[in-house]
Protein chains: 2
Amino acid sequence: MIFSSKAEYGVRLMIELGRQAPEHPTSLKAIADAEGLPLAYLEQVVARLRRAGLVMSARGAHGGYWLSRPAGEIAMDEVVMALEGSIAPMECFINEHTERVLCSHEPDAGRRCATKLLWTRVQGGIIRSLQTTTLAELVDFAGDPVTGYAEPGSAPELAVTE
Amino acid sequence: MIFSSKAEYGVRLMIELGRQAPEHPTSLKAIADAEGLPLAYLEQVVARLRRAGLVMSARGAHGGYWLSRPAGEIAMDEVVMALEGSIAPMECFINEHTERVLCSHEPDAGRRCATKLLWTRVQGGIIRSLQTTTLAELVDFAGDPVTGYAEPGSAPELAVTE
DNA sequence: CACAAATCCTACCAGCAGGGTCGGTTTAGC
DNA sequence: GCTAAACCGACCCTGCTGGTAGGATTTGTG
């Protein structure tokens with residue numbers, strides 16, 4: 001699995017916030033109920049988004065969360081990065097100096113690390129996909145309850161089997 | 001982390017095999033020594049590659065493994081797919097009917113699943129990166145022990161920070 | 001034939017990250 | 001003061017990752 005449930009929950013949460021008017025705080029409870037997610041766990045998820053500056057919050061009664069920017073200005077790589085911490089295809093992309101044998105880059109034999117080339121390309125592919133998708137797109141896609149047909153041009157890329 | 005160590009080890013193994021003349025079997029022990037990887041674990045890894053038809057094997061003394069096709073005809077998505085089983089950004093891409101709350105696609109509210117759109121794009125980005133890289137490229141990149149400079153044009157895409 | 005080098009196969013295991021839960025504290029509106 | 005919310009930190013359970021162990025089988029060589 002590439003992304004953990006934090007990413008899934010966090011993106012859903014962002015979409016819910018994107019559906020609301022800005023500055024109108026939405027409580028976590030409302031989101032948890034709407035999406036059927038555990039409230040206590042969502043707290044941890046939303047904390048990451050807040051620390052990353054993607055959402056803002058108000059405490060106390062009638063408090064809640066809202067997007068700190070319009071959904072159209074939020075690229076999904078920011079969101080996923082905040083939720084997952086990093087987008088790393090392989091361990092050595094995070095811990096340069098793990099004790100694991102796993103990644104003996106710059107090895108004694110003097111050969112260049114070919115797997116790093118591969119994983120770097122993969123990372124590029126992922127980040128590009130995320131960067132070119134905005135939260136607003138996802139909000140539009142989820143859209144209003146389905147009426148039977150999609151708005152034209154709203155789903156340019158949905159070939160699952162690629 | 002996106003890929004497990006099986007992918008790292010398996011790709012390294014394939015590169016080692018790509019460096020050898022075809023039909024000349026290479027023993028796992030030689031590869032394990034060359035890469036500094038545990039032999040017993042490599043057995044499990046290479047078994048996946050064999051079952052996928054990417055390598056062939058000969059038992060007995062002077063047995064070993066070799067590529068079943070020229071390295072130039074092996075795209076890396078095949079290799080990674082064989083090693084990892086699948087390339088799935090999110091759990092629901094594998095177990096359509098897991099009991100987890102995680103993925104309530106086609107939900108009661110009738111809204112379309114926007115996260116699935118996002119993960120599908122990501123999956124596409126990954127698979128495209130892998131498909132457009134052949135094993136031969138990686139073998140060339142690892143190349144002979146570094147002499148100080150790369151062959152021109154051999155590393156078209158190495159921007160780690162992207 | 002005996003032996004050694006190799007693939008092949010199955011079972012087992014320890015650690016740890018993922019996916020939560022729980023209880024409590026603080027803040028703010030009514 | 002009560003209640004609804006955000007906030008915080010500790011804890012916990014389960015399954016998967018990354019191996020290890022031990023053998024069985026095959027095959028070239030002396």
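In what follows, chains are A, B, ... by sequence order, proteins preceding strands, each numbered from 1. Only heavy atoms go into these numbers, but all of them, side chains included; no hydrogens, no water, no symmetry mates.
Distances shorter than 4.0 Å separate none of the side-chain N or O atoms of A:S27 from OP1 or OP2 on D:dA6. The shortest distance between the side-chain N/O atoms of A:S5 and the OP1/OP2 oxygens of C:dG19 is below 4.0 Å. For D:dG18, one of the phosphate oxygens OP1 or OP2 lies less than 4.0 angstrom from a side-chain nitrogen or oxygen of B:S4. For A:S57 and D:dC7, the shortest distance from a side-chain N or O to OP1 or OP2 is below 4.0 Å. Between A:Y9 and C:dG20 there is a side-chain N or O to OP1 or OP2 distance below 4.0 Å.
Going from atom CG of B:L28 over to atom P of D:dG19 covers 15 Å, rounded to whole Å. In this entry the distance linking NZ of B:K6 with C1' of D:dG18 reads 7 Å, nearest Å. C:dG19 atom P lies 13 Å from atom CG of A:L42, rounded to whole Å. The CZ-C1' distance, from B:F3 to D:dG18, rounds to 18 Å in whole Å. Rounded to whole angstrom, the span from the CZ atom of A:R48 across to the P atom of C:dG20 amounts to 14 Å. Atom NZ in B:K29 sits about 18 Å away from atom P in C:dC8, given to the nearest Å. In this entry the distance linking CE of B:M90 with P of C:dG19 reads 9 Å, nearest Å. Rounding to whole angstrom units, CG of residue A:L37 and P of C:dG20 are separated by 9 Å.
Here the nucleotide nearest the side chain of B:Y65, chosen from C:dG20, C:dC8, D:dA6, is C:dC8.
Qualifying side-chain hydrogen bond (donor to acceptor under 3.5 Å, both in side chains) partners for B:R50, counting only residues two or more places apart in sequence or in other chains: none. Residues passing the side-chain hydrogen bond (donor to acceptor under 3.5 Å, both in side chains) test with B:Q20, sequence neighbours excluded: none. Remark: B:S129 engages no residue in a side-chain hydrogen bond (donor to acceptor under 3.5 Å, both in side chains) (not counting sequence neighbours). Residues passing the side chain to side chain contact (heavy atoms under 4.5 Å, CB included) test with A:E78 are A:L54, A:R69, A:A75, sequence neighbours excluded.
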Can you give one letter per nucleotide of nucleotides 20-30 of chain D, going 5' to 3': B for a protein heavy atom under 4.0 Å from the base, S for sugar-phosphate only, - for none? B----BBBSS-

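Residue pairs meeting the side chain to side chain donor-acceptor pair (under 3.5 Å) criterion with at least one partner in residues 51-60 of chain A, sequence neighbours excluded, do not occur; the list is empty.
Counting any heavy atom pair closer than 4.0 Å across all strands shown, A:R50 reaches sugar-phosphate atoms only and no base atom. Across all strands, B:A47 comes closer than 4.0 Å to no nucleic acid atom at all (heavy-atom distances).
Of the inter-residue distances, the one linking B:M90 atom CE with B:T120 atom OG1 reads 11.0 Å to the nearest 0.5 angstrom.
Panel note: side chain B:E84, backbone B:S4; a donor-acceptor pair is recorded below 3.5 Å.
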